[in-house]
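Working notes, structure below.
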Amino acid sequence: MISEKISNIPLILAPAGNRAGFLAALAAGAEAVYCGLKQLSARMEAKNFTLQELAALAELARSKGTRVFVTVNTVIKPEELDLAGRLLDDLNRWVHPEALIIQDLAVIELARQTGFTGELHLSTLANVGIKAALPLVNRIKGVSRVVLPRELNVDEIRTLADACPEGLGLEVFVHGALCYGVSGRCYWSSFLGGKSGLRGRCVQPCRRLYRQGNQEQRFFSCQDLSLDVLVKVLLSMPAIKGWKIEGRKKGPHYVYYTVRAYKLLRDHPGDGQAKKEALELLQWALGRNGTHYGFLSQRPSNPIRTGEQTASGLLLGKLNWKGDTPFFILKQQLLTGDVIRVGYEDEAWHRTQRINRSLESGSRFFLPSLASNKSRPEAPVFLIDRREPEMMEKILVLEGEMKSGEMKEFSSSGFKTRPSRPSPPAKVIRDQKVFRLSPKQKPGREEIGLWLAEESVQAGLSLTNIWWWLSPVIWPADEARTESLIAKVLKKGFSRFVLNAPWQMGFFQNPKTVTLWAGPFCNLSNGLAIQQIKTLGFQGAMVSPELGEADFLSLARQSPLPLGMVLSGNFPLCISRILSERLKTDQPFQSPRGETAWAVQEEGNYWIYPNWKLDWSAFRRELERAGYVRFVHLIERVPRSVEWKERPGTWNWNIGLP
C-alpha cells in the first residue's frame with residue numbers, strides 16, 4: 001500500500017521492445033508501457049511491433065488499467081512526412097495510445113492533423129533541460145510532458161520541478177543504460193558509418209575499446225543508471241509524473257524485475273525490508289553494473305570505470321580450459337531457457353547460447369563450439385536473459401487473455417499531410433565563420449559567429465557583424481551565466497543569435513527585437529518541423545547536418561523559412577557532460593579501426609572531435625540553386641598533437657540517411 005505521506009505518485013513507465021517484454025511489464029504491474037512500431041522509433045534495433053500486434057496488446061493493457069505510450073521519436077526526413085502522417089493516423093484509429101513520445105517537432109502538427117487527442121511527451125532526445133524552456137514548451141498545444149536528460153542531478157531536477165508551470169509534467173529516468181553523449185547531441189555512429197542514433201540505429205561506438213598512448217581502454221563505455229533507493233527524494237516533487245525505466249532492447253526478465261523493484265521503492269519508501277527486496281531484484285535484472293551517476297550533486301559518480309566490466313548481463317565466471325575444450329564454473333544456478341553470452345557485445349567473436357537444461361551453482365559447463373578460439377583464453381561469461389517460471393506463467397496467462405479477444409481487420413490509412421506553403425528563399429547568400437575566440441585573437445571584418453562564452457564575449461564586444469552562437473547543451477547550473485552573457489551582448493547593441501535548441505528561445509523576452517536562427521544542433525530535417533519553430537519566432541534555420549543529398553534538396557522546397565547549413569569545418573562526434581579520468585583532453589585517441597579523435601572541455605561539457613573536417617564545398621552551387629542562403633564554416637582550435645587527416649568529409653551526402 002502506498003504511504004499516505006507521499007504527495008506525488010509517479011507512474012512506473014516500463015520499456016517493451018517485443019511482445020514478451022510488453023506482457024512482462026503487465027505481469028509486473030507497470031502503470032504505463034512505452035514501445036515503438038517498426039518504423040520511426042529511436043530504438044530500431046529492438047524488434048518493436050506491427051500495428052496489429054500493438055493494437056491487441058494495447059487493448060489488453062487498458063483492461064488491466066495500464067496506459068500505453070508509443071514512441072515516434074526519430075528525426076523525420078522530408079519525404080517521410082506522409083509516412084509519419086499515415087502512421088499516426090493508423091495509431092489513432094487502431095491503437096488509441098494515451099501518449100506519443102516525440103523528438104521531431106513535425107509530429108506536433110501531424111498529430112493535430114490526424115485528430116490525435118492523447119498527450120504529447122517531448123523525448124529526452126529533444127534536450128529540454130533548463131527552466132527557461134518550460135514556459136515556452138507549455139505554450140505548445142498538446143505537449144504535456146518533458147522527459148528530462150539523464151545527466152541532471154537532484155538539485156537541478158528540483159529546480160526544474162519547482163519552475164514547472166501548471167499543465168506540464170516532468171519525467172525522470174531512474175534505471176537503464178546510459179549513453180556517453182547527451183541525448184540528441186551524439187552524431188558518432190552517424191558520422192563514422194551513417195547509422196544515426198537520432199534515427200534509432202546507433203551502433204554504439206562508445207562501447208568499443210580505444211587507444212590513447214600506451215593505454216587501451218573502454219574510455220566511453222558507461223555503467224547503467226540505477227537510482228534505486230535514491231528515488232525516494234523524487235516523491236517530494238509533484239511535477240515529476242513518471243519514473244522511466246530504459247530498456248526496449250532488453251528481455252522480459254529485465255522488465256519484470258526492474259518494474260517490481262521500483263514499485264516497491266515507490267510504494268514503501270520507509271520500509272527497510274522492501275528496500276532490501278528491491279535491491280535484490282535489481283541485482284537479478286541482468287543489466288550492467290549500476291551507478292547513481294551525478295544524481296547526488298555532492299557525491300557524483302563517474303559512470304565510466306575502465307577497471308570494471310560494463311557489459312550487460314550478470315557475470316557468471318570466466319573461461320577455463322580442459323585440454324582443447326573451454327568451460328566455466330557456474331557462480332549461479334542456470335535454468336532451462338536461460339541465455340548466456342561469452343565475451344563482450346562489441347567483440348566480433350562473441351557467442352550467445354541458450355541453456356537446454358538446469359544446472360546447479362558450482363557445475364562445470366563446457367563450450368566445445370569455442371574450442372577453435374583460443375585468442376580469449378579467459379573470456380568472461382554473462383547471463384543475459386532468463387525465463388523464470390513464475391514470470392513465464394504470468395505471461396502465458398496474459399497471452400491467453402489476449403488471444404481470446406477478437407482480432408481486428410486492419411486497412412491502411414489514406415492520410416496525406418497538409419504542409420504549409422513555404423516562403424520564397426531570401427536572395428542574399430552569406431558565409432559565416434564560427435570561432436571560439438580567446439582575448440588575443442583578432443578575426444577579420446567578415447561576418448563571423450562566436451560561441452557565447454566568457455572569453456568570446458570579452459574578445460568580441462569591440463567587433464561588429466557578429467552572430468552569437470549558444471551552446472547545444474546548457475545545464476541548469478549554467479543558465480544564469482548564459483542569461484547574463486546574453487544581457488551583456490544585447491546591452492552592447494548586438495541582436496543576432498544562433499540557438500542550438502528551439503527551447504533556448506526562452507532566454508529572449510521579446511524575440512521580435514532580435515534576429516534568431518535555429519542552429520544545426522536543433523536537428524531540423526523537414527518542413528513541418530521548421531514551420532513549428534517559425535511559430536516560436538525563428539527567422540531562419542540551419543538544417544540537420546546528418547541528411548543526405550536528396551534530403552537537403554527536398555527540404556529546401558518544403559521550408560517556410562530561409563535555410564542555412566554547415567558547409568565545412570569541425571563538427572563534433574558528440575557532446576558529453578563526463579570524461580573518463582584516464583582519458584586526457586587535447587590528446588589524440590584511436591578507434592579499433594584507426595580513426596583518430598580528441599576531447600576538449602568547453603564550459604561544462606566535453607566535445608569529441610574527429611581529426612578530419614566536414615566539407616561539402618564541392619556541392620555549394622547545387623545547394624545555392626536549391627535555395628540555401630547561408631553557409632557556415634566551423635573553425636575550432638586543433639591541438640598540436642593531433643595529426644590532421646585528409647578525408648572526403650561528406651558525411652551522409654552520398655549514402656543518404658537510413
Side-chain angles (χ1 to χ4, degrees), residues 10-38 40-50 53-54 57-58 60-61 64 66-74 95 97-103 121-125 145 147-150 171-179 183 197 200-202 204 222 224-228 231 241-263 265-266 278 281-282 284-288 290 312-313 384-386 388 391 394-395 398:
L11 297 177
I12 304 294
L13 186 53
N18 55 35
R19 179 190 184 103
F22 194 109
L23 296 175
L26 298 185
E31 289 93 9
V33 180
Y34 70 101
C35 52
L37 292 171
K38 292 185 179 294
L40 304 182
S41 167
R43 283 292 182 270
M44 291 303 293
E45 297 305 313
K47 290 184 178 179
N48 293 318
F49 299 90
T50 64
E53 185 177 29
L54 186 54
L57 287 165
L60 175 65
K64 306 296 180 185
T66 300
R67 305 174 74 194
V68 176
F69 300 168
V70 176
T71 59
V72 188
N73 59 341
T74 68
V95 179
E98 281 73 20
L100 300 177
I101 302 171
I102 69 172
Q103 170 194 182
H121 297 175
L122 285 180
S123 164
T124 187
L125 288 162
R145 187 176 297 186
V147 185
L148 295 179
R150 295 165 173 85
E171 191 168 284
V172 176
F173 278 95
V174 297
H175 198 91
L178 286 169
C179 294
S183 290
R201 291 176 168 85
C202 180
Q204 297 187 317
C222 296
D224 279 5
L225 176 68
S226 181
L227 295 188
D228 50 69
V231 292
K241 304 300 182 184
W243 290 0
K244 192 166 193 172
I245 298 168
E246 186 278 338
R248 284 196 284 141
K249 290 171 64 178
K250 298 288 182 66
H253 182 85
Y254 168 89
V255 176
Y256 185 71
Y257 270 51
T258 52
V259 169
R260 287 175 59 197
Y262 282 98
K263 286 194 71 175
L265 292 167
R266 181 198 62 184
L281 288 169
L282 291 177
W284 277 95
L286 306 182
R288 296 176 180 87
S312 62
I384 61 172
D385 195 16
R386 164 158 284 183
E388 184 185 74
M391 177 190 72
K394 291 180 179 180
I395 287 177
L398 289 168

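All residue numbers in this chain count up from 1 along the given sequence.
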#### Entry: Partner set under side-chain hydrogen bond (donor to acceptor under 3.5 Å, both in side chains) for Tyr254, not counting sequence neighbours
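Expected list: none.
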
### Query
With sequence neighbours left out, what residues match His253 under side-chain hydrogen bond (donor to acceptor under 3.5 Å, both in side chains)?
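For His253, no residue satisfies side-chain hydrogen bond (donor to acceptor under 3.5 Å, both in side chains) once neighbours in sequence are set aside.
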
Heavy-atom distance under 4.5 Å between the side chains of [X] and [Y], does that happen here?
X: Leu125; Y: Ser183; answer: yes
X: Cys35; Y: Asn18; answer: no
X: Tyr257; Y: Glu388; answer: yes
X: Val33; Y: Leu13; answer: no

### Criterion side chain to side chain contact (heavy atoms under 4.5 Å, CB included) against Thr71, the qualifying member of Arg248, Gln103, His121
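Result: among Arg248, Gln103, His121, Arg248 is the only option passing the side chain to side chain contact (heavy atoms under 4.5 Å, CB included) with Thr71.
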
Shortest non-hydrogen contact from [X] toward [Y]:
X: Ile384; Y: Leu286; result: C-CD1, 3.8 Å
X: Ala28; Y: Arg260; result: CB-CG, 3.9 Å
X: Gly21; Y: Ala16; result: C-CB, 4.0 Å
X: Leu398; Y: Ala27; result: CD1-N, 3.7 Å
X: Ile12; Y: Glu31; result: N-OE1, 2.9 Å
X: Val95; Y: Leu54; result: CG1-CG, 4.0 Å

What distance separates [X] [atom1] from [Y] [atom2], expressed to the nearest 0.5 Å?
X: Asp224; Y: Glu246; atom1: CG; atom2: CD; answer: 7.0 Å
X: Arg201; Y: Thr74; atom1: CZ; atom2: OG1; answer: 8.0 Å
X: Leu148; Y: Thr124; atom1: CG; atom2: OG1; answer: 7.5 Å
X: Thr66; Y: Leu57; atom1: OG1; atom2: CG; answer: 11.5 Å
X: Tyr256; Y: Ile395; atom1: OH; atom2: CD1; answer: 8.5 Å
X: Leu225; Y: Cys179; atom1: CG; atom2: SG; answer: 11.5 Å

[X] side chain vs [Y] backbone, donor-acceptor pair below 3.5 Å:
X: Tyr262; Y: Val174; answer: yes
X: Glu98; Y: Val68; answer: yes
X: Lys244; Y: Val147; answer: no

### Check: Ser226/Asp228 side-chain N/O donor and acceptor closer than 3.5 Å
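Looking only at side-chain atoms, Asp228 and Ser226 do form a donor-acceptor pair, the distance falling under 3.5 Å.
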
### Among Arg150, Lys241, Arg145, the one residue meeting salt bridge (charged side-chain N to carboxylate O under 4.0 Å, His left out) with Glu171
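Between Glu171 and the candidates, salt bridge (charged side-chain N to carboxylate O under 4.0 Å, His left out) is satisfied uniquely by Arg145.
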
### Task
Walk me through it: do Leu23 and Leu60 pass the test side-chain contact (heavy atoms from CB on, under 4.5 Å)?
CA-CA 9 Å; Leu23 296 175; Leu60 175 65; 3.7 Å; yes

